[in-house]
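As structure tokens, the structure follows; a few thoughts come after it.
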Amino acid sequence: MLEITNLHATVDGKAILKGIDLTIQPGEMHAIMGPNGSGKSTLAYILSGRDGYEVTEGEVRYEGRDLLVMAPEERAAEGLFLAFQYPVEIPGVPNTTFLKEALNAGRKHRGEGPLDAMQFLKLIRQKTQELGMTDEMLKRAVNVGFSGGEKKRNEILQMAVLEPKLAVLDETDSGLDIDALKTVADGVNALRGPDRSMLVITHYQRLLNYIVPDKVHVLAQGRIARTGGPELAEELEAKGYAEFTTAAA
Amino acid sequence: MAATVETAQTVKEVAERKYKYGFVTEIESETAPKGLGEEVIGFISAKKGEPDWLLEWRLKAYRHWLTMPEPLWANVTFDALDYQDAYYYSAPKTAEGPKSLEEVDPELLRTYEKLGIPLREQEMLAGVAVDAVFDSVSVATTFKKKLHEVGVIFCSISEAVQTHPELVREYLGSVVPYADNKHATLNSAVFTDGSFVYVPKGVRCPMELSTYFRINAANTGQFERTLIIADEGSYVSYLEGCTAPMRDEHQLHAAVVELVALKDAEIKYSTVQNWYPGDEEGRGGIFNFVTKRGACRGDNSKISWTQVETGSAITWKYPSCILQGDNSVGEFYSIAITNNMQQADTGTKMIHLGKNTRSRIIAKGISAGRSNSTYRGLVKVSPKAHGARNHTQCDSLLIGERCGAHTVPYIESKNRSARVEHEATTSKISEDQLFYCRQRGIGEEEAVALVVNGFCREVLQQLPMEFAVEAQKLVGISLEGSVG
Ligand SMILES: Nc1ncnc2c1ncn2[C@@H]1O[C@H](COP(=O)(O)OP(=O)(O)OP(=O)(O)O)[C@@H](O)[C@H]1O
Ligand SMILES: [Mg+2]
């Protein structure tokens with residue numbers, strides 16, 4: 001599904017990623033943990049094609065294709081989804097309009113016709129309820145005036161509607177209360193399947209109680225410093241990152 | 001609201017054909033001699049079989065016009081206009097007095113169809129009556145019958161001069177006097193057509209009234225004159241849409257619109273202006289120098305202007321309200337989009353004369369390319385306007401590094417009990433927002449259209465439903481090529 005080889009990247013001329021190797025098979029769930037500023041979001045932005053993040057070495061293949069030459073919207077239409085660490089507000093654009101545009105853009109890319117109003121409404125009603133969101137939130141402008149937790153939930157709603165093949169969740173669990181954490185985890189688990197993969201960036205082991213990863217990676221100082229199973233997350237929770245930050249220093 | 005997906009398609013079409021409405025209709029025109037002078041004015045007046053008082057009024061305006069200097073205060077630049085190098089009257093030859101759609105030149109009907117106003121369909125599609133102005137002569141008016149039943153008069157102004165001379169004589173020039181400003185004065189001298197609406201006492205006009213203006217013949221200025229009178233307790237909503245074909249030379253459009261709202265009456269006037277803006281280098285395009293003014297003459301009357309200005313090389317207009325009646329309300333909702341080399345200097349004037357008069361201004365300016373956009377607004381409160389209130393909100397959005405946005409508010413308050421508030425913001429289109437949209441699969445052009453439509457939402461919501469969708473598409477089309 002995703003194959004990252006020797007990925008080096010700079011932001012503003014500053015080297016952030018210094019040789020990442022990471023392979024995710026279809027159906028796998030990977031977690032990335034790591035200290036603040038280690039480059040986790042940078043990796044997420046590189047995968048989604050954000051301007052200003054420059055790849056200086058290495059390659060990324062997505063379903064066998066060169067991901068890095070694709071425009072952001074093409075990557076999205078091909079099934080790559082990023083739940084943002086800081087979801088963006090778009091004043092004046094109702095959540096439903098945004099969802100519809102996004103959904104139909106993907107359908108168009110795949111040669112499918114747009115959903116009609118009824119089908120669309122049915123779909124988002126269902127997803128909204130599953131995620132414990134209200135219709136009122138659908139009418140409001142995208143993320144405007146949403147609480148931190150509501151914004152994260154809204155990211156998961158978008159994911160549920162778009163049904164991506166590869167979802168990258170950047171700290172979607174941060175700022176969620178316990179109940180919201182469960183709902184979000186349910187939303188993520190509902191999407192799991194043999195053809196879908198996930199890359200979950202998190203600081204907290206507790207999320208991984210609900211979403212059990214196949215692999216856990218530690219990203220430190222621009223590299224994958226260690227890879228293990230779910231037990232690695234527990235170890236990190238107990239010991240912190242001291243081992244990784246001092247080792248390379 | 002699936003506007004942006006459609007926008008994407010339209011943007012593509014436009015990208016291929018550039019200006020979508022840039023076709024020229026092959027019809028022989030009957031044209032006045034080139035240039036401007038008393039003979040030409042006589043020719044126009046005679047063509048229309050006008051009464052003497054109107055010819056006199058035109059000539060008075062012309063003579064005054066000769067003495068007026070060119071206005072130079074607006075924040076726009078262009079070469080001096082050569083008034084002698086244009087035709088002031090151009091009528092499709094076959095258009096002399098068609099009584100029904102059957103008599104209308106089929107070529108014209110096809111033109112309208114390309115513009116998206118199939119008249120034949122319109123007759124069936126309830127809701128919109130269209131008075132289509134082709135160059136200078138009004139060629140078809142639909143829905144007359146239905147309007148006639150409730151006593152609403154909706155016809156070309158030339159027809160109104162013949163059929164309701166007393167109304168025309170009473171109100172023409174009563175809001176925009178012939179000596180008002182250089183462009184309006186020229187219009188008074190040479191206006192060729194436009195719409196006339198009269199809504200009788202207590203009548204709520206049963207449908208949206210709509211006129212599509214279109215400049216077709218090369219080198220003709222278009223000088224329409226629109227006059228709308230809402231009698232006591234009546235209501236009317238009017239929409240004007242404009243397109244013009246692509247031409248290399250500039251064309252002058254100097255229209256005048258006068259609105260009169262009597263006691264308890266309400267007029268809603270919406271404009272979607274999509275004149276040819278010129279090419280990327282600023283060649284060609286319409287000079288849109290328009291005077292629009294409404295008088296809230298009676299107590300509790302209301303006039304609301306909504307405009308979506310996306311076209312023209314230069315737009316220069318300030319739809320205004322004179323709030324004479326006590327408790328009268330004036331509103332101005334504006335979206336002005338400039339791209340490439342376009343220039344817009346637009347805004348409003350709210351003149352508070354009566355007690356407890358209120359006005360509200362929401363202006364959204366979007367500049368892209370190397371364009372320049374200025375909001376210029378005047379709020380004036382006279383000594384007698386106790387309790388007058390105004391709220392102005394001006395937001396500018398910049399796309400790219402080479403465009404400009406300016407806000408020039410003038411506030412003159414001569415009454416201490418008045419409250420005048422002005423808020424202004426300027427921002428750049430946010431990379432974060434565009435990336436967020438693109439990450440969800442929405443293409444770059446569509447993302448711009450979506451974000452800009454969101455930015456304009458408060459104004460778009462003021463448009464009649466059936467035109468709001470059109471306007472949203474236009475927003476996307478006019479910003480085509482502004483990113484990437
Ligand atoms: N636009 C930018 N300009 C300059 N430096 C940047 C920019 N974006 C990121 N950085 C730097 O790159 C480094 C990695 O940032 P990144 O956001 O990827 O970290 P992170 O691992 O996601 O951290 P956190 O856990 O706090 O979210 C940081 O030192 C950050 O300051
Ligand atoms: Mg981060």
Side-chain angles (χ1 to χ4, degrees), chain A residues 44-45 47-53 70-84 86-110 113-117 120 141-144 151 154-155 158-159 161-162 164 167-168 170, chain B residues 1-12 333 335 362 364 366 393 395-397 400-401 425 427-463 468-469 471-473 475-476 483-484:
Chain A
Y45 285 143
L47 293 178
S48 51
R50 182 163 202 153
D51 274 351
Y53 292 77
M70 292 157 72
E73 56 269 33
E74 195 187 347
R75 299 180 196 199
E78 288 291 334
L80 188 142
F81 181 90
L82 169 63
F84 285 62
Y86 305 107
V88 179
E89 299 184 1
I90 311 181
V93 178
N95 232 346
T96 27
T97 307
F98 185 70
L99 281 167
K100 196 170 176 181
E101 294 290 325
L103 182 68
N104 285 335
R107 292 179 65 91
K108 191 170 175 189
H109 180 84
R110 296 187 294 271
L115 280 192
D116 70 38
F120 174 73
V142 180
N143 293 325
V144 177
K151 284 182 183 173
N154 203 26
E155 294 291 288
Q158 293 175 26
M159 181 179 82
V161 170
L162 297 176
V168 180
D170 192 354
Chain B
M1 275 192 263
T4 34
V5 170
E6 287 167 65
T7 302
Q9 288 156 4
T10 321
V11 166
K12 283 227 179 65
Y333 301 103
I335 296 170
I362 299 182
K364 305 276 181 179
I366 298 101
Q393 170 78 47
D395 299 312
S396 307
L397 186 69
E401 306 293 329
T425 66
S427 53
K428 281 204 166 158
I429 194 159
S430 142
E431 286 300 322
D432 284 352
Q433 289 173 348
L434 294 183
F435 178 66
Y436 192 65
C437 295
R438 294 179 74 190
Q439 206 306 301
R440 299 302 184 244
I442 301 167
E444 201 170 14
E445 300 270 2
E446 293 90 333
V448 171
L450 190 70
V451 170
V452 173
N453 268 306
F455 174 76
C456 298
R457 187 167 160 85
E458 283 163 288
V459 175
L460 289 169
Q461 279 174 330
Q462 298 297 328
L463 286 173
V469 176
Q472 288 185 8
K473 285 194 217 167
V475 166
V483 287

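- The most heavy-atom pairs under 4.5 Å with chain B, out of A/P91, A/A117, A/P164, come from A/P91.
- Neither the backbone nor the side chain of A/E74 comes within less than 4.5 Å of any heavy atom in chain B.
- Only the backbone of B/F455 comes within less than 4.5 Å of a heavy atom in chain A; its side chain stays farther off.
- Ranked by non-hydrogen atom pairs under 4.5 Å with chain B, the options A/L162, A/V88, A/V93 are led by A/V88.
- Using modelled atom types, no side-chain atom of A/N95 and backbone atom of A/N143 make a donor-acceptor pair closer than 3.5 Å.
- Of all non-hydrogen atoms in A/H109 and A/A77, the two that sit nearest each other are CG-CB, 3.3 Å.
- Of all heavy-atom pairs spanning B/C437 and B/L450, the tightest one is SG-CD2, 4.1 Å.
- Contact count against chain A (heavy-atom pairs under 4.5 Å) is highest for B/G443 among B/C456, B/A447, B/G443.
- Residue contact with chain B, scored on non-hydrogen atoms closer than 4.5 Å, involves the backbone and the side chain of A/R50 alike.
- B/R440 contributes a side-chain N or O that, together with a main-chain N or O of A/L82, makes up a donor-acceptor pair within less than 3.5 Å.
- For the pair A/R75 (side chain) and A/M70 (backbone), a donor-acceptor distance under 3.5 Å is present.
- Nearest heavy-atom pair across A/E155 and A/F84 is OE1-N, 2.8 Å.
- No part of A/L99 comes within reach of chain B, as not one of its non-hydrogen atoms sits under 4.5 angstrom from that chain.
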